[in-house]
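One structure is given below, encoded as structure tokens.
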Amino acid sequence: MRKKFVIIIFGGLGDLAKSKLYPVLFNLYRKSQLVNCSRIISTGRRPNVGREEFIQILKDSVGNDDRDFLSLFEFVKIDLDKTEEYRFLKESLARFKEEEFIFYLATPPFTFESIITNLGHFLKDFSNEKKVVIEKPFGYDLESAKRLNRIIKGLFREEEIYRIDHFLGKETVQNIFGLRFSNIIFEGIWNRNFIDHIQISALEEAGVEGRLGYYDRIGALRDMVQNHLMQILTLIAMEPPCCISEGAIRGEKVKVLKSIRDIKYEDVPLNTVRGQYEGYLKDERISLSHTETYAAVKLYIDNLRWDGVPFYLRTGKKLRKKETSAIIVFKKIPGLFSKLLDCTPQEDIIGFKITPENKIILSFQLRPLGGSILSCPIPTSMEWTGPNIEAYETLFVDIIEGDRTLFIREDEIERSWEIVQPIIDFWRDDPRIPIYPPGSLGPREAEEFIRRDGRVWRYL
Ligand code: BG6
């Protein structure tokens, strides 16, 4: 018999709760995965929200008015900065004697320290088991991430901490691990001898829109590179774990991060590009901002498998189209066909399309149909497409079941901040930021950045 639990959502009126968490909880409820859930307590600070208004928000969010589901919920108004208001939550939780508490911090990162500190004040009066789920970015830089880790660990044991990165819940991202370690055909070529370089991209059509308050303090590097893109990198680059255990898998990911070559402060311009989309500053809430809405970073992993293979990570808002992908670009085939006039065979590619579809594409060269045996080969592809399952749903089940494989460990988070820290520092000190037109491929400087290496950005 599984233990009973209560979910407590901080940021219960926020975008994340409304767009992801409530719909996911509704799905889990329909799949009978919330049978042991005694209550879901949502907290929010808006003063004019009572039970009725909250239920309406819930109904709008899940597009359903299932009474049993709705009756699982309770809304508690708390201004997160006011310590005295946490007593409302304490009172609400007091009647649950046996349940495990799952605290979900779906709030902006600047609130994490204060929520944890305030929880600390009243949780000492409870002996319930507990877990805490923390959204990204975990910290604001290396120092604040370390401080946050210290504060959280004063209250929770590492086994109770779920640092979430929703990209790890995405089907295709997990397929990187699956494909690599369950097929012998890729193993022999997954290294510097065959791979020219790797591109990991999260390109978005949408701009910052309603999230300016959060985004302007964070920027693309902290919002996407330090976490989502770096996580994809670890799955592509890791060694096979000794066994299927969360410790072994997370351990191998950390080894990759530790092998990433540090970028020196003075080398930041050589290894990165940033940009801001035109119109970002038109928002009346900001007059001057150097926050990047586009970031590209080149990293090297100094180990036997990856020596000399660049990993290009890039992300941007207000670009031509939404595409999140990881593309393995193999070396060009030497000899033979390149001796033909006008023939430069393309590179073979394995592409993982993460968003909008869940797809794996193998692009290779084949002689054109009906051509002579010596015709110049042309790119051809084989594709596999699967359904996409909401990443948060996968991760929520793991949280309930206590499986932390797809969550980020303390040393992992700190090392990933260490890697981006010189970039944060350099960009802070040098406010010159290229501007790019909305709907474009990003700043011109980003094209030059990769062209300098004799390569181009790839799309799937
Ligand atoms: C979030 C970022 O973590 O990921 C957003 O904060 C970004 O800025 C989003 O838009 C992208 O995620 P997805 O799942 O929509 O590709």
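Numbering of residues begins at 1 and proceeds along the displayed sequence. Here the structure is a predicted model, which means the values were calculated and not measured.
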Self-check item: Audit row: S416, Q226, side-chain hydrogen bond (donor to acceptor under 3.5 Å, both in side chains) steps and yes/no
Solution: CA-CA 6 Å; S416 58; Q226 176 271 334; 3.0 Å; yes

Exercise. Assess whether side-chain hydrogen bond (donor to acceptor under 3.5 Å, both in side chains) is satisfied between S325 and Y459, documenting all intermediate values.
Key: CA-CA 8 Å; S325 61; Y459 300 86; over 6 Å; no

Quiz item: Could you go step by step and tell me if S92 and E74 meet the side-chain hydrogen bond (donor to acceptor under 3.5 Å, both in side chains) rule?
Solution: CA-CA 9 Å; S92 238; E74 164 176 337; 2.2 Å; yes

Quiz item: Stepwise, does the salt bridge (Lys or Arg N to Asp or Glu O under 4.0 Å) test hold for K331 with E347?
Solution: CA-CA 6 Å; K331 292 187 172 171; E347 300 90 347; over 6 Å; no

Quiz prompt | Trace of the side chain to side chain contact (heavy atoms under 4.5 Å, CB included) decision for L257 with K255 | solution = CA-CA 5 Å; L257 294 173; K255 275 197 216 160; over 6 Å; no

Quiz item: Run the salt bridge (Lys or Arg N to Asp or Glu O under 4.0 Å) check on K264 and E266 step by step: do they pass?
Solution: CA-CA 5 Å; K264 290 201 201 92; E266 59 275 22; 5.1 Å; no

Quiz prompt | Pair F330-F194, ring-ring contact (aromatic ring centres under 6.0 Å, His included): steps then yes or no | solution = CA-CA 6 Å; F330 288 88; F194 293 87; 7.6 Å; no

Exercise. List the steps and the verdict of ring-ring contact (aromatic ring centres under 6.0 Å, His included) for F181 and F177.
Key: CA-CA 6 Å; F181 300 126; F177 183 91; 5.0 Å; yes

Quiz item: Taking it one step at a time, do E390 and N27 satisfy side-chain hydrogen bond (donor to acceptor under 3.5 Å, both in side chains)?
Solution: CA-CA 10 Å; E390 172 52 55; N27 266 350; over 6 Å; no

Practice problem: Quick one: do R147 and E113 satisfy salt bridge (Lys or Arg N to Asp or Glu O under 4.0 Å)? Show the steps, please. | Solution: CA-CA 9 Å; R147 192 175 55 238; E113 281 190 30; 2.9 Å; yes

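Atom CZ of R432 is surrounded by 12 or fewer heavy atoms from other residues, nucleotides or ligands within 6.0 Å. At most 12 non-hydrogen atoms from other residues, nucleotides or ligands lie less than 6.0 angstrom from CG of D15. K146 NZ: 12 or fewer foreign heavy atoms inside a 6.0 Å radius. Within a 6.0 Å radius of NZ in K258, no more than 12 heavy atoms belonging to other residues, nucleotides or ligands are found. Atom CD of E91 is surrounded by more than 12 heavy atoms from other residues, nucleotides or ligands within 6.0 Å. Counting non-hydrogen atoms of other residues, nucleotides and ligands closer than 6.0 Å to CD of E448 gives a total above 12.
The structure places CZ of F112 at 9.0 Å from CZ of F110, a figure rounded to the nearest 0.5 Å. Rounded to the nearest 0.5 Å, atoms OG1 (T272) and CD1 (I423) are 6.0 Å apart. Here the OH atom belonging to Y162 is positioned 12.0 Å from the CD1 atom belonging to I134, to the nearest 0.5 angstrom. The OG1 atom of T234 sits 11.0 Å away from atom CG of L229, with the distance rounded to the nearest 0.5 Å. Rounded to the nearest 0.5 Å, atoms CG (D223) and CG (N227) are 7.0 Å apart. A distance of 8.0 Å separates CG of L221 from CE of M230, quoted to the nearest 0.5 Å.
F138 does not carry K136 over the face of its six-membered ring by the limits of under 6.0 Å from the centre and within 45° of the normal. Because its NZ or CZ atom is not both nearer than 6.0 Å to the ring centre of Y140 and within 45° of the ring axis, R428 does not count as a cation-pi partner of that residue. Geometrically, K20 does not engage Y392 in a cation-pi contact, judged by NZ or CZ lying under 6.0 Å from the ring centre and within 45° of the ring axis. The cationic atom of K298 (NZ for Lys, CZ for Arg) does not lie both less than 6.0 Å from the six-membered ring centre of F311 and within 45° of the ring axis. With a 6.0 Å cutoff to the six-membered ring centre and a 45° limit on the axis angle, R39 does not count as a cation-pi contact of F96.
When atom types are taken as modelled, the side chain of Q421 and the backbone of L142 share a donor-acceptor pair closer than 3.5 angstrom. Between the side chain of Q199 and the main chain of L313, no donor-acceptor pair closer than 3.5 Å is present. Judged by distance alone, the side chain of E393 and the main-chain N or O of L25 form no donor-acceptor pair under 3.5 Å. Between the side chain of R163 and the backbone N or O of I408, at least one donor-acceptor pair lies under 3.5 Å.
Between the side chains of Y104 and E135, at least one donor N or O sits under 3.5 Å from an acceptor N or O. In this structure, a donor-acceptor pair under 3.5 Å is present between the side chains of E99 and S38. With hydrogens and angles left out, the side-chain atoms of N388 and E357 include no donor and acceptor closer than 3.5 Å. If you check the side chains of Y312 and R455, you find a donor sitting under 3.5 Å from an acceptor. For the residue pair N303/R192, the side-chain donor-acceptor check at 3.5 Å is not satisfied. Side chain to side chain, D141 and S144 meet the donor-acceptor criterion of an N or O pair below 3.5 Å. Side chains of D216 and S289: a donor-acceptor N/O pair is present below 3.5 angstrom, by distance only.
When side chains are defined from C-beta on, V133 does not count as touching F103, because their heavy atoms never get closer than 4.5 Å. The shortest distance between side-chain heavy atoms of K359 and I354 does not fall below 4.5 Å. Looking only at side-chain heavy atoms (C-beta outward), L119 and F10 come within less than 4.5 Å of each other.
Ring orientation note: the planes of Y280 and Y277 are nearly perpendicular, at an angle over 60° on the 30°/60° scale. Under the 30°/60° scheme for interplanar angles, the aromatic rings of F101 and F126 are found to stand perpendicular. Relative ring orientation between F167 and H228 is described as parallel, the plane-to-plane angle staying below 30° on a 0-90° scale split at 30° and 60°.
Between R45 and E85 there is no salt bridge, since none of the side-chain N atoms of the basic residue sits less than 4.0 Å from a carboxylate O of the acidic one. The existence of a salt bridge linking K82 and E84 is excluded, since no basic side-chain nitrogen approaches an acidic carboxylate oxygen closer than 4.0 Å. Checked for salt-bridge contact, E205 and K322 miss the test: no charged N lies under 4.0 Å from a carboxylate O. Using a cutoff of 4.0 Å between basic side-chain nitrogens and carboxylate oxygens, R415 and E418 are scored as salt-bridged. Looking at K130 and E100, no side-chain N of the basic residue comes within less than 4.0 Å of a carboxylate O on the acidic one, giving no salt bridge.
Applying the salt bridge (charged side-chain N to carboxylate O under 4.0 Å, His left out) definition to pairs two or more places apart or across chains, those involving residues 237-249 are E239-R305, E246-R404.
Listed by chain and residue number, nothing satisfies the side chain to side chain donor-acceptor pair (under 3.5 Å) test with Y300 (two or more places apart in sequence, or in another chain). Here T117 pairs with nothing under the side chain to side chain donor-acceptor pair (under 3.5 Å) rule; sequence neighbours left out.
Checking each of T355, L319, L441, T324 against L203 for a side chain to side chain contact (heavy atoms under 4.5 Å, CB included) leaves exactly one that passes, namely L319.
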